[in-house]
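All remarks here apply to the structure that follows.
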Amino acid sequence: MAGSNAQRAADTPVLEVSRYSLSYATPSGPIHALKNIDLRVAHGQTHGLVGESGSGKSSLAWAILRYLPENAIENDGRLLLSGESLRDRTLPQILEIRGRRISMVFQDPSTSLNPAMRLGEQLSEVLIRHRGLTVQEALEESEAALARTGIAKPRDMLRRYPHEASGGEKQRVVIATAFACNPELIVFDEPTTALDIITAQQILELFNQLQDETSISALYISHDLGLVSRVADVVSVINSGEIVESGPSAEVFRTPGNDYTKALLGAVPNPKQWLGVTEPPSEAPALMSAEGITVEYGRQSLLGQLLAPKPTHLGAQEVSIEVRKGELVGLVGESGSGKSTMGKVLSGLQDFDGNVRFGDRNFARLAEIDRTYRRAVQIVFQHPDASLNPRQRVREILSRPLKLYDIVPREQRAERIAELLEQVRLPQEFANRLPHQLSGGEKQRVAIARAFAAEPELVICDEITASLDVSVQASVAELLVSLQRQTGTACLFITHDLNLVRQLAHRICVMQHGKLMDAFHRDDAEGPDRNPYTRALLKAVPPPASQAA
Amino acid sequence: MPKAFRTAAGMTGLGLLLLVMGAATLGPLLAPYDPQAFHPAARLQGPSAAHWLGTDQFGRDLLSRLLNGAPSTVFFGLGATLLGVGAGSMIGVIAGTAGGWIDSVIMRILDGLLAVPELLFTLLIVTFLGGGMGQAMLAVAIAFTPGMARIARSSVLSIRTREYVLAAVARGERSPYIVLREVLPNAVGPIIVEATIRVAFAIMIGATLGFLGLGAQPPSTEWGLMVAEARQFMFRNAWTVAVPGVAIAMAAMGFNLFGDALRDSLDPRRSS
Amino acid sequence: DDPKMGGTLKISHSTRIATLNVLSLSGPAEYPVIDMAYSGLTRIGPDSQPMPDLAASWEGSPDATEFTFHLREGVTFHDGTPATASDVVATYEAILNPDIPASAASVLNMIDTVEAIDDLTVKFSLKTPFADFPTSTAHANARIMSEEALAGDHALLDTVVNGTGPFKMESYDSARITRLVRNDDYFIEGKPHLDAVEMHLFPDLAAETTNFLSGDIDVMLLVQQADYERISSAPGINALRVPSGRYVNVVMRFDQEPFDDLRVREALAYAIDRQLLVDLVLEGLGRPAHDNILSPEFKFRIDTPEKSYDPERAKALLAEAGHPDGLKLDLVASNRPAIRAQVAIAIKQMALPAGFDINVETMPHDTYLANVWRKGGFYMAYWGMQPTEDATFNLLLTSNASYEDTGWMNAEFDALVQAGRSTTIESERADAYTKAQELMLAELPYIIAFYEDVLTASKEHVQGYTLNPINRYFYLENVWLDE
Amino acid sequence: MTLGYLVRRLLAVVLVLFVVTFAVFAITMILPGNAAVMILGEYGTEEAVAAMERRLGLDRPWYIQYLDWIGGILRGDLGQSLRLSLPVSDVVGDAFWNSASLAVTALASVTVIAIPLGVLAAIKRGTVADLVIGIFSYIGASMPEFVTATLLLIFLAGPALGLFPAGGFVSPGESLGGFSSHVVLPAATLGLILTAHISRQVRSEMSEVLSSDYIRAARLKGLRERRVIRRHALPNSLAPAVAVISLDIGYLLGGIIVVEEIFAWPGLGRLLIYALENRDLPVIQAITLVLATVYALSNLLSDIVIAILDPRVRYA
Ligand SMILES: Nc1ncnc2c1ncn2[C@@H]1O[C@H](COP(=O)(O)OP(=O)(O)OP(=O)(O)O)[C@@H](O)[C@H]1O
Ligand SMILES: Nc1ncnc2c1ncn2[C@@H]1O[C@H](COP(=O)(O)OP(=O)(O)OP(=O)(O)O)[C@@H](O)[C@H]1O
Ligand SMILES: [Mg+2]
Ligand SMILES: [Mg+2]
């Protein structure tokens with residue numbers, strides 16, 4: 001269907017941006033967020049806007065909606081909606097346009113919906129505002145609009161509060177709101193990023209379906225090339241505020257003309273491209289095996305039970321996972337499926353029932369986990385900002401494991417720290433820095449270095465790339481693999497990114513609702529005996545951009 | 001200087017604080033007269049060249065008394081807060097790090113103490129301790145303890161689940177290292193901010209106790225007491241009341257503004 | 001002008017009326033209430049002499065050991081029951097009962113027996129001669145209560161008032177207003193003039209003053225020195241300044257160092273500028289005293305030599321007593337009322353040049369009562385004026401005084417006081433009291449720097465309002481409103 | 001919010017109160033001086049004090065006194081005031097209603113003034129209005145009640161203006177006008193510091209809400225600013241404001257002690273000071289109980305209000 005609407009483009013584009021520049025005044029000088037942007041969205045067309053974090057995508061959206069912060073400075077470039085200049089409008093006029101002629105869908109439905117208002121009111125208020133309906137009419141209309149988004153019991157949903165709906169349901173409400181007044185243009189700013197893969201896939205399908213039905217033009221913003229390739233007719237690639245390449249999406253993806261676009265495409269994980277340790281030691285003996293691990297959250301003291309009993313909750317149920325020497329095992333699953341719970345159990349942070357066997361020793365609960373085990377199993381966390389003590393310098397952070405386990409004599413510590421920094425490809429001077437003086441990727445490298453400093457046998461990586469940019473993601477993943485190759489350390493790699501894990505892992509375990517659903521060798525990923533849930537997951541993953549096109 | 005202090009409010013706070021702390025440390029040396037000396041010929045006068053801020057009932061120089069009373073007033077606030085914050089943080093940190101039943105028991109007791117309004121609590125304690133500056137200070141400290149403990153505990157709890165602390169636990173670090181090096185240095189922020197604002201509050205409570213006759217006692221030059229002693233002359237010479245009254249407000253305001261600026265500088269989300 | 005009848009008199013006061021139990025009450029605002037509601041056998045008049053009250057007349061035996069009182073006829077309590085001799089007997093028996101806390105007990109403890117001769121005659125036999133007995137029966141806490149009330153639950157005495165005074169209790173709210181209304185059956189024909197009296201409580205002095213000046217309060221019971229000038233100069237207000245024998249005294253224990261040495265006590269006496277003290281602390285509303293516990297209002301008061309402020313002499317005396325480098329002392333004062341600490345602080349400053357380095361320690365009144373009063377060695381006390389010489393001496397200074405707090409214990413002094421009370425011959429009494437005062441001034445058990453005037457104020461339309469220097473008798477039955 | 005939750009909360013309140021009374025009782029017993037000494041003052045000879053102690057029942061061992069007192073409480077009898085010779089329930093009951101009239105007036109006017117002020121400051125962030133409100137709230141938050149009260153007395157009740165009575169109380173039942181003129185200054189004194197605090201909190205909550213994604217979303221729906229503020233922002237910033245107000249009630253209950261003393265308001269605060277000075281234990285106990293109960297209940301009430309304002313909050 002992509003491209004089918006492109007032919008029907010009317011003469012006047014719905015949106016025309018020309019020579020538009022925007023900068024933000026800051027105490028340390030202006031930040032040029034948008035430079036001479038030229039962009040046209042034709043009638044009924046979906047225009048994708050792709051770029052890294054900070055490239056200026058949202059800035060353009062705000063500019064179109066005339067919702068700029070006070071420190072924004074614009075040049076005299078043009079922003080035209082169906083030929084009418086948006087920049088000449090007074091605020092009351094803009095208020096008439098917003099929601100009626102242009103509407104917007106945001107990244108995170110849980111923050112863009114008012115927690116204290118029923119979903120029905122939030123949907124119907126645009127209808128009341130812009131179409132002058134009565135409350136009753138607006139509610140009926142809302143119900144119909146919600147039904148179109150595929151919600152089973154729309155009347156019921158209208159009466160709920162945001163916290164009573166799932167992320168997917170909330171995003172459907174937001175989308176229904178955006179389509180409610182039949183606007184000329186809808187701006188989507190990463191509408192699926194905050195959702196889990198399967199839901200994201202459904203939302204994407206919904207978008208395509210509604211787009212077909214209404215032929216409303218859309219500006220679709222995303223950092224995910226694969227995703228944009230599935231919805232956009234035309235795509236523009238933006239880098240540091242400049243549009244570096246623009247054209248029909250099929251062309252751009254197949255034959256990227258610009259280096260930046262190429263780099264962007266290259267950084268997208270491709271499951272077919274094996275990055276892992278070349279010799280998967282599949283015959284190696286089990287290093288660690290977790291057997292029947294169950295974690296019950298919310299257990300209370302006797303006093304607590306008396307005063308304020310709360311229900312308990314199973315974070316993991318009878319999960320068994322095995323990691324062999326030198327192996328990289330991927331652990332995937334949607335949000336809340338219990339991946340981190342397993343990571344915490346195995347790194348000795350969470351009490352459990354069941355048995356963890358490590359080498360020839362058994363551990364049946366948290367209290368039995370001792371320092372020998374802790375030294376041998378290290379963990380790296382998701383958030384680079386939170387995983388380093390903000391008050392310790394990199395040197396101190398890296399020297400801790402060396403000191404604690406007496407890995408090298410005191411005199412050689414400085415030298416070893418330099419080595420570690422080199423291994424994670426950071427300059428030696430970084431030893432003197434404080435965490436806030438590092439970028440996210442650099443912080444994550446320090447965290448990895450700290451884990452490897454203890455010379456562990458197993459490293460648990462809990463979503464270590466999730467909060468990094470695509471390009472940085474790839475280099476961190478690559479770094480991990482190269483360290484693994486050098487040291488022979490085994491790794492449990494927790495992630496929700498199936499494409500990524502298929503590039504790295506020898507074996508993959510899939511979790512859902514605290515249970516282990518599936519475990520398979522990477523080669524069997526598309527095999528016939530896969531669990532249905534695994535299949536759904538794999539299907540939901542956007543195929544890498546180059547293939548989609 | 002952190003950005004939050006470069007605002008008008010931050011600068012005012014810093015200025016007031018410097019003024020008040022200066023008075024508290026150097027005040028007695030700067031006083032132009034003996035604060036207790038009588039000048040019978042010049043009693044209950046307004047500001048004059050000889051007595052910049054006027055004189056009281058005994059013809060004592062108000063400026064000298066103000067400067068002389070600065071240490072007892074300000075250090076009362078600091079001392080009471082320090083004691084209360086110290087004890088409270090200790091309890092809070094113990095509860096927060098120990099967890100389990102120790103935490104439950106401590107929290108239940110704290111809940112109990114927090115059920116009594118703070119000034120009432122202070123009054124009860126100070127009456128039973130027998131009044132006086134030291135007693136009042138202890139009472140304020142005791143009254144502050146439960147609130148501070150709660151703040152310290154929640155601060156510790158929020159730090160305790162940070163990933164770098166988890167990393168230290170997973171690495172096999174021993175508890176003292178985790179508490180002293182990983183948790184505490186990062187948990188003190190909110191505690192210090194709260195403490196600064198509480199100094200203002202302690203100064204106000206201390207002055208109130210002095211005013212009620214339960215805190216500082218004559219011939220102390222504590223500011224609340226000065227207000228109390230001067231009240232009977234307030235219609236004859238409003239200066240006798242206004243001078244110490246405004247001084248108390250300024251001291252409290254200094255700590256309030258400073259505390260807020262400190263909070264803003266620690267919390268970028270709040271800085272405007 | 002002829003007194004006009006009717007109207008409500010509003011009196012403001014700043015201390016609570018906590019109880020109406022005649023036997024034990026002691027608050028400054030409680031006295032006017034019982035003075036209105038109750039009568040004693042006798043009452044102290046504005047001239048400080050005993051005057052008839054419930055007793056129309058009385059006579060004593062020449063040796064002053066037997067006194068007979070003749071009650072008025074036809075007097076009834078507010079509830080209508082007749083007031084007779086048996087009520088008087090019951091009241092005095094209650095006062096003397098050791099199980100009942102009674103403030104008048106220490107003044108009346110010389111009573112041996114009290115008996116009703118008939119319905120209207122009561123006879124007292126005393127253990128020891130006592131010439132001032134009719135003054136003692138005027139004690140403010142010795143008002144006559146009904147036998148029935150005394151036989152009942154004593155807890156009721158706190159709130160239920162049934163007296164024979166000119167006003168009846170109408171409502172009693174200890175936190176706000178106490179209201180009394182005219183007793184139409186009062187035993188003095190034509191009195192009281194007022195329909196009602198209201199006592200309004202203002203715990204904050206500033207609030208009280210402002211309300212008196214700008215509100216509808218008619219009488220401000222007690223005026224602070226600081227406000228006196230402002231109040232007296234306000235239009236439409238009569239401020240009343242009654243010279244009184246009320247004093248603040250410095251207690252120096254004879255049995256503790258360094259005040260066991262007379263020279264040290266004298267040194268301190270010379271180190272105080274008494275006129276300045278009056279000016280600074282009392283705003284001039286008092287008279288310098290030169291350590292005589294008896295003020296000029298007392299009949300047998302002697303001319304007292306003046307002690308001028310003489311730090312040099314004080315210093316010399318200190319040196320003589322073995323303190324050539326001066327003395328460091330802790331002087332304790334309770335914080336209520338503030339005058340105690342003020343005098344202490346003034347003394348500290350004045351005595352500096354004489355070599356006294358006095359550290360004033362002020363403490364809350366409860367702590368003071370529990371820990372210092374009658375225990376400490378050097379502290380500030382504060383007493384109201386007593387009705388007689390004998391009462392004054394026996395309150396504090398004789399060896400078996402009720403509140404003996406100096407450890408002076410002088411047998412000669414005791415004998416002189418005893419001699420003064422046991423005769424009714426004026427010249428003998430004058431002689432005994434003169435010698436007693438001379439002895440006291442020589443031995444210097446207390447430093448008494450000034451006598452404090454009693455200050456009160458009323459609006460101009462209030463007529464006939466006066467009070468007694470003892471500040472326990474208010475004669476409100478004479479007051480009328482000229483509106 | 002379930003019934004079970006409410007019952008548990010109330011039980012916890014009772015438990016807390018029990019601990020509080022026990023502590024108060026125990027401490028009074030350790031220290032020198034008692035009601036008998038205080039009643040008799042300097043006229044208390046040893047015999048008189050002993051007699052008074054017998055009369056008041058203070059000669060019994062402390063635990064007997066406590067058990068006796070607790071027994072009374074369980075029967076609904078708060079005992080007899082030692083100093084005022086009236087049933088505690090009468091004394092404290094009257095004072096309670098008087099205090100309540102002051103506290104409610106103060107709190108109501110504070111709420112009415114502070115919330116709009118805070119909202120205004122947040123909307124007009126960075127403008128003169130915001131600055132003025134900010135200055136006002138810092139000054140307000142830094143003045144102890146006794147200073148505010150004294151200054152108000154000098155300037156508004158003093159001889160120069162004499163706008164309001166300098167103290168005293170008229171019950172609203174007697175004369176509403178009289179009550180109003182008397183309540184102005186004490187309520188203003190109490191109100192100043194609370195207004196300062198609450199408006200500051202509302203401002204910061206409101207600012208935070210105004211910068212939230214859902215407000216942005218609401219604005220981008222083209223809604224008028226009035227609706228954005230009233231329907232979207234206000235309810236969300238009110239819930240935290242209610243939490244602050246309920247905490248401030250604790251402060252109010254403390255402040256009332258000083259204010260009542262200065263303005264001669266015959267409420268619990270003044271009664272408390274009087275009872276403390278006189279070691280009138282049953283009254284102290286009763287007032288502590290009443291104030292702690294009011295505080296606990298107001299916290300509970302605020303939790304209920306918050307649960308109504310914020311549908312996310314659920315107590316079980
Ligand atoms: N109000 C502002 N003041 C100053 N700089 C700003 C402001 N808003 C955005 N910027 C900067 O402008 C640049 C573009 O930001 P923008 O939010 O448009 O990026 P983006 O492409 O949407 O990124 P992301 O994918 O992370 O959402 C960034 O460098 C950002 O830091
Ligand atoms: N400390 C805890 N107390 C109670 N419940 C918890 C706790 N930690 C996690 N849970 C719950 O346990 C379940 C599994 O959580 P877990 O963090 O293991 O998920 P996850 O797969 O790592 O999800 P994500 O991808 O979002 O990180 C979730 O429903 C979560 O809400
Ligand atoms: Mg963006
Ligand atoms: Mg996780």
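Values below: all heavy atoms of this structure, side chains included; hydrogens, waters and symmetry mates excluded. Note on naming: letters A, B, ... go to the chains in the order of the sequence lines (proteins, then strands), and numbering restarts at 1 for each one.
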Less than 4.5 Å apart, side chain to side chain, heavy atoms only: is that true for I106(B) and I91(B)? yes

What distance do W62(D) atom CH2 and L281(D) atom CG have between them, rounded to the nearest 0.5 Å? 11.5 Å

Residues S246(D) and N299(D): side-chain donor-acceptor under 3.5 angstrom: yes

Looking at L123(B), T12(B), V116(B), which one has more heavy-atom pairs under 4.5 Å with chain D than the rest? L123(B)

Within 45° cone of Y274(D) ring axis and under 6.0 Å: R83(D) NZ or CZ: no

Please classify the contact of L289(D) with chain B as side chain, backbone, both or neither, using a heavy-atom distance under 4.5 Å. neither

Can you tell which part of Y138(D) gets under 4.5 Å to a heavy atom of chain B, answering side chain, backbone, both or neither? both

Does any non-hydrogen side-chain atom of L192(D) lie less than 4.5 Å from one of F136(D)? yes

L153(D) versus F263(D): any side-chain heavy-atom pair under 4.5 Å? yes

Is there a side-chain contact between F121(B) and I125(B) (heavy atoms, below 4.5 Å)? yes

Contact origin within T288(D) toward chain B - heavy atom pairs under 4.5 Å: both

Highest number of heavy-atom pairs under 4.5 Å with chain B: which of L131(D), V294(D), I273(D), I262(D)? I262(D)

Is chain B contacted by the side chain of L272(D), its backbone, both, or neither, given a heavy-atom distance below 4.5 Å? side chain

side-chain contact (heavy atoms from CB on, under 4.5 Å) assessment of R203(D) paired with D130(D): CA-CA 9 Å; R203(D) 176 185 181 272; D130(D) 183 21; 2.9 Å; yes

Contact class of A141(D) relative to chain B, heavy atoms under 4.5 angstrom: both

If one checks every heavy atom of I257(D) against chain B at 4.5 Å, the contacting part turns out to be side chain

Does S99(D) form a side-chain hydrogen bond (donor to acceptor under 3.5 Å, both in side chains) with E260(D)? I'd like the steps, not just the answer. CA-CA 8 Å; S99(D) 282; E260(D) 288 186 350; 2.6 Å; yes

What part of I248(B) lies closer than 4.5 angstrom to a heavy atom of chain D: side chain, backbone, both or neither? both

Okay, A200(B) and chain D: the region with an atom under 4.5 Å from a heavy atom over there is neither

Would you mind checking which part of F201(B) comes under 4.5 Å of any heavy atom in chain D, side chain (CB onward), backbone (N, CA, C, O), both or neither? side chain

Using non-hydrogen atoms and a 4.5 Å limit, figure out which bit of I203(B) sits close to chain D: side chain, backbone, both or neither. neither

Which atoms of F18(D) approach chain B - backbone, side chain, both or neither, heavy atom under 4.5 Å: neither

